[in-house]
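Some notes on the structure that comes next.
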Amino acid sequence: MNTSPIPHPSLSRHLQNDEAPLPLLHQLHELRSSVLSLASNSEYIFSGSQNEDISVWEKQTFTLKSTLRGHTGSVLALELAKEKDWLFSSSGDSTVRIWHTAKLTPLYVLSPYLETGAGDLFSLSWSPSLQTIYIGCQDTSLQWYDFTSIVSSASDSSLSSSIPDSSSSCSDLASLSSTLSTTTIATTRKAHKFFDSYPQYERRPADIFAKNPSTGGRQGSSSPPDAEYPLAEYGLLDVSASNVNDSAHYGYIYCMTLLEHDGSGSVQLATGSGDETVKLWDCTPDGPVLVHEFECSHGAVLALVAQNETIYAGCQDGYVKILDLETKTLVRTIIVQEGVDILSMSMIGSDLYTCSADGWIKCWSASFDCTASWQGHDGIVLSSFVDLKHSSSARLVTGGNDNYIKVWEVDLPKPRKEDRRLLPNAHENESFTDTMTYALSKFISIPSLPTGEGKNPLLFGTFSGTKGDKPKPRVLFYGHYDVIPAPKQGWSSDPFTLTGRNGYLYGRGVTDNKGPIIAIACAAADLLSRRALGCDLVFLIEGEEECGSAGFRETVGRYKDTIGDIDAILISSTLPDLHSGIEGGGVVEPMFDVVRLLASLTDGQRRVHIPGFYDHVRPQTEEEKELYELLSDVTQRPAASLSSRWREPSLTLHTIEVSGPKNATIIPGLVKSQVSVRIVPDQDLDTITKALVDYLESSFKTLQSPNNLKVTVEHAADWWLGNLDDHWFKSLESAVQDVWGVAPLRIREGGSIPSVPYLEKEFGCHALHLPMGQSSDQAHLPNERISLKNLHKGKAVVEKFLINIAEEWVPNLH
């Protein structure tokens, strides 16, 4: 058995050496302070720090230009209103401050509704078209402030003319306050319960004079003690109660991003929270209206970026969820580093840069491959942004808790054929072909053997189709990931290393059943990326099929409500060339010549002697006879042989084992034998089982032997026959013909899949069987293989089938 480690679960390929970071252009040092937030305009880089200040760095010279002071808590978020030359900053002091980015002076202090009751203000987003700032709060509220009234009563030009430069005195700022007072909601600052409190021993209520900035500096601040912060002289604004969405989430609102749709003129806001969800809001003049909620289910959502109709959500557990806005679906998950928080993300063209709590920065291409990976900071990367220089290059700026801001030189992504495929409106298939083979290679490398005791987990997952006004069909795909053992004897290559030779892929499980599982998963992912998945595809993949599906029924029954309603079942299984359920009755089996007792089970024509064995076999119709004649012409095998193989019951003797040494002179004291019976429509499983046991016991009695006989039934599975007149079958048949260019042949096949009849009965729907492999694929044998052509065609058939059923779907039609 292969003892190689379990591969990393991510299907993103690492295409660059981890020791090759991008060029570091410059680094800026924040004195003893983590860089919590970053923003930039054409002249400056603004960095919000843990020491309550905002540093302003000149981009041309990388020197410190100024420091914006006024907050009394860590600066958690920065947001630019470039058209107004404004910078918004939010803080742990429960205020939003607005600064003029040209003169580097304060303009307003904006207090959220309930003031300090809102807690830390984690995130900001500005809408130029609505002239509105949105605020994500610790108290789970989403708040906003509309600056339209201020703009209309005090134009930018008049406002700018009244703003003093950075050398202005307090009297100048008082004059500014007077100018703004006619347009603000509040003209005096309210007392802050914490920052305006007196020492406890003074037993005095908080007031605005308790911490008058003119009397000294802030405790714990790195600013000079004689600095003055004329807080009371600012224009003071309050968020009104009508501009609050209480409990917008069930957790802190850590991040947000705005989407301004140029074509429609609409504005949408996405918010990420500690409740593991991303919520999408339509921004209207009356406030945000909830449109949709995405479940991320991998820890708090700590970072958001958006491009076109796609949102990227960075989660606490090291996952990036890729969400499509048009179809309201999750289209992909990137596993950056399991268990390591993603705290910031930025996009350059189609490239996504993730910044993690372990200090690593990684770049992901449009095909979700990792094209660059390096340790950017000696600590946590807390913030980042992208600064485009010109058409061919850009700068990635990152900030960490190591007190450094670092500027990295990056190239813009070059358009690549495989990348275009994965953009929202693309239709090419090349990169999914690569993904399918890569995923299969990782799947094959896992020697997933059954336990025989039901200990392997049953895997459940859903590809959710496009959300619309009408109900969607729900198709369950059943498969199994367990494989039989693969001793290396007889193999031309390592059975647990996917190997390609002469148009085939070789490896244990490649045709039974891991290849079809990956092909069908890639078909669904392909449709999702094209916004063409019109149904829900539910995956139910077990790990005990090769030894009788122990525990499968009990588990499905227990979680049936979680699985939900199912309209059809799809399976794709490949059986070996001489499987007893396939060839039984069709070939001469020499074991019957040497086992006289068991030979009594059949006659010279290999017909089974069990009483009543053939009584309920469904008679052959004229249509079937014509079909077998057609198949006989195609296969060049007699129609009677095909009928015996595909529609008649059979009995097979598999093994004889003896106790003691394998010496010809020793008479064994114990002999064991294994027998299987293939049943067909309309034989009854329990009736045939009892008849077989009764026949063996009665035959043994006629021998009048002093020995004992024990008969046990280890596994039992009912027969299954597809419904050829079913509309699901016809949709699948049409898909096969469209992809292969010829009409498929309708045949029966033996071999037990015990779970299929059970699933049909449990969910009250029909099952469809689409084999992707060939009988010569050596399933269960050395050198198991699958044709690359069959794998690709099989994926294409499934895509076409899923499109067909979505278009033809009529609810409650089975």
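The first residue of the sequence shown is numbered 1, and numbering continues consecutively from there.
Under the 3.5 Å distance criterion, the side-chain polar atoms of Arg97 are left unmatched by any main-chain donor or acceptor of Tyr108. Between the side chain of Ser273 and the backbone N or O of Tyr252, at least one donor-acceptor pair lies under 3.5 Å. A donor-acceptor distance shorter than 3.5 angstrom exists from the side chain of Gln316 to the backbone of Ala300, with no hydrogens or angles considered. With Ser90 contributing its side chain and Val96 its backbone, the two residues share no donor-acceptor pair below 3.5 Å. Lys467 places a side-chain N or O within donor-acceptor distance of the main-chain N or O of Lys328, the cut-off being under 3.5 Å. Side-chain N or O atoms of Ser127 include none that pairs as donor or acceptor with a backbone N or O of Gln131 at under 3.5 Å. With Thr257 contributing its side chain and Ala270 its backbone, the two residues share no donor-acceptor pair below 3.5 Å. Lys321 contributes no side-chain N or O that, together with a main-chain N or O of Arg332, makes up a donor-acceptor pair within less than 3.5 Å. At least one donor-acceptor pair under 3.5 Å links the side chain of Asn51 to the backbone N or O of Asp53. Thr277 places no side-chain N or O within 3.5 Å of a backbone atom of Lys279 that could act as its donor or acceptor partner.
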Test side chain to side chain donor-acceptor pair (under 3.5 Å) applied to Trp408 and Thr398, step by step: CA-CA 8 Å; Trp408 310 90; Thr398 60; 3.1 Å; yes
side-chain contact (heavy atoms from CB on, under 4.5 Å) for Leu269 and Met256? Distances and angles first, verdict last. CA-CA 7 Å; Leu269 178 73; Met256 56 177 62; 4.1 Å; yes
Determine, stepwise, if the pair Cys283 / Leu258 fulfils side-chain contact (heavy atoms from CB on, under 4.5 Å). CA-CA 9 Å; Cys283 298; Leu258 200 78; 4.3 Å; yes
Output, in order, the C-alpha distance, side-chain angles, deciding distance and verdict of side-chain contact (heavy atoms from CB on, under 4.5 Å) for Leu36 and Val75. CA-CA 7 Å; Leu36 303 179; Val75 182; 5.8 Å; no
With side-chain contact (heavy atoms from CB on, under 4.5 Å) as the test, would you mind laying out the steps for Ser89 and His71 before giving the verdict? CA-CA 9 Å; Ser89 60; His71 279 298; 2.7 Å; yes
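With 3.5 Å as the limit, one finds no donor-acceptor pair spanning the side chains of Thr63 and Trp57. In the model, Asp402 has a side-chain atom that pairs as donor or acceptor with a side-chain atom of His377 under 3.5 Å. Counted by atom type alone, Thr310 and Gln307 present zero donor-acceptor pairs between their side chains at under 3.5 Å. Between Thr148 and Asp146, the side chains place a donor N or O and an acceptor N or O closer than 3.5 Å (distance only, hydrogens not considered). In this structure, a donor-acceptor pair under 3.5 Å is absent between the side chains of Thr105 and Trp99. A donor-acceptor contact closer than 3.5 angstrom is absent between the side chains of Thr371 and Ser365. In this structure, a donor-acceptor pair under 3.5 Å is absent between the side chains of Thr101 and Trp86. No side-chain donor-acceptor contact under 3.5 Å links Ser91 and Glu52.
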Donor-acceptor list for residues 118-126 side chains, cut-off 3.5 Å, not counting sequence neighbours:
unit_1	atom_1	unit_2	atom_2	d
Ser123	OG	Ile253	O	3.2
Trp126	NE1	Glu83	OE2	2.8

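Among residues two or more places apart in sequence or in another chain, the side chain to side chain contact (heavy atoms under 4.5 Å, CB included) test is passed with Asp317 by His298, Tyr319. Taking the salt bridge (charged side-chain N to carboxylate O under 4.0 Å, His left out) definition, one finds that Lys406 meets it with nothing, sequence neighbours left out.
Other residues, nucleotides and ligands place more than 12 heavy atoms under 6.0 Å from the CZ atom of Phe385. The 12-atom threshold is exceeded at CZ of Phe62, counting heavy atoms of other residues, nucleotides or ligands nearer than 6.0 Å.
With contacts defined as side-chain heavy-atom distances shorter than 4.5 Å, the pair Ile311/Leu325 qualifies. Side-chain contact between Ile348 and Val410 is present, with heavy atoms from C-beta onward closer than 4.5 Å. You'll find the side chain of Thr67 stays beyond 4.5 Å of the side chain of Ile54, heavy atoms only. Between Arg531 and Asp324 the shortest side-chain heavy-atom distance falls below 4.5 Å. For the pair Trp364 and Val336, the minimum side-chain heavy-atom distance is below 4.5 Å. Considering only heavy atoms from C-beta on, Leu142 comes within 4.5 Å of Pro288 through its side chain. Under the 4.5 Å side-chain criterion, counting only non-hydrogen atoms from C-beta, Thr354 is not in contact with Val381. Looking only at side-chain heavy atoms (C-beta outward), Phe46 and Leu80 come within less than 4.5 Å of each other.
Minimum heavy-atom separation, His100 to Lys103: ND1-N, 3.2 Å. Counting all heavy atoms, side chain and backbone alike, Gly299 lies closest to Cys315 at O-CB, 4.3 Å. Here the shortest heavy-atom pairing between Leu396 and Ser384 reads CD1-CB, 4.5 Å. Between Asp93 and Thr72 the shortest heavy-atom distance is OD2-N, 2.8 Å. Here the shortest heavy-atom pairing between Ser47 and Leu38 reads CB-CD2, 3.7 Å. Shortest non-hydrogen contact noted between Tyr113 and Ser240 is CD1-C, 4.1 Å.
One distance of note links CG of Leu78 with CG of Leu76; it measures 9.5 Å at 0.5 Å rounding. To the nearest 0.5 Å, the span separating CG on Leu237 from CZ on Phe147 amounts to 5.5 Å. Expressed to the nearest 0.5 Å, how far CG of Leu323 lies from SG of Cys296 amounts to 5.5 Å. Rounding to the nearest 0.5 Å places CG of Leu290 at 8.5 Å from NE2 of His249. To the nearest 0.5 Å, the span separating CG on Asp275 from OG1 on Thr140 amounts to 9.0 Å. Atom CG of Asp411 is separated from atom CG of Asp351 by 10.0 Å, given to the nearest 0.5 angstrom.
Note: Phe88 and Tyr145 fail the aromatic proximity criterion, with ring centroids not under 6.0 Å apart.
With salt bridges taken as basic N to acidic carboxylate O contacts below 4.0 Å, one links Lys59 and Asp387.
Applying side chain to side chain contact (heavy atoms under 4.5 Å, CB included) to His29 and the options Leu64, Val35, Asn403 leaves one that passes, Asn403. Of the listed residues (Tyr134, Tyr254, Trp281), just one forms a side chain to side chain contact (heavy atoms under 4.5 Å, CB included) with Thr271, and that residue is Trp281.
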